Amino acid sequence: MAEAALAAFELHGDEEYLDAFGRAYGWFHGQNSLHQPLADIRAGACCDGLQTSGVNRNQGAESTLAYLWRNC
């Protein structure tokens, strides 16, 4: 979602897409329904997602790469 929002901003220049990027990026940092961060900045990893019981603590390659895509 974050990557698509940045691509749309680069194509159209509409600030609305930067807002969408901010929301998508913020999701990794606790701006989600559980108010829990998924990104582990020190480890350079990211949890897999949210569950009804809390954060899924598995740090798979797909979620980590999704987070790191624009952070490297």
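The shown structure was predicted, so the numbers you read here are calculated from the model rather than taken from an experiment. The figures here come from the full heavy-atom set of this structure, side chains too, leaving out hydrogens, waters and symmetry mates.
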L50/V55 under side chain to side chain contact (heavy atoms under 4.5 Å, CB included): CA gap, chis, key distance, verdict: CA-CA 5 Å; L50 302 175; V55 174; 4.0 Å; yes
Out of curiosity, L18 CG to E10 CD, how far, rounded to the nearest 0.5 Å? 9.5 Å
Distance-only donor-acceptor pairs under 3.5 Å for side chains of residues 33-47, two or more places apart:
| residue | atom | partner | partner atom | Å |
| --- | --- | --- | --- | --- |
| D40 | OD1 | R42 | N | 3.4 |
| D40 | OD1 | A43 | N | 3.2 |

Please state whether the rings of Y25 and F21 are parallel, tilted or perpendicular, taking 30° and 60° as the class boundaries. parallel
Of all heavy-atom pairs between G22 and Q31, which one has the smallest distance, and what is that distance? O-OE1, 4.2 Å
Distance, nearest 0.5 Å, that separates CD of E15 from CZ of F9: 5.0 Å
Roughly how far, to the nearest 0.5 Å, is CH2 of W69 from CD of E3? 6.0 Å
Point-to-point distance, once rounded to the nearest 0.5 Å, from CZ of R57 to CD of Q59: 8.5 Å
Transitive ILVMFWY side-chain link F28 to L68, under 4.5 Å: yes
Any donor and acceptor pair, going by atom type alone, linking the side chain of D48 with main-chain N or O of G60 inside 3.5 Å? yes
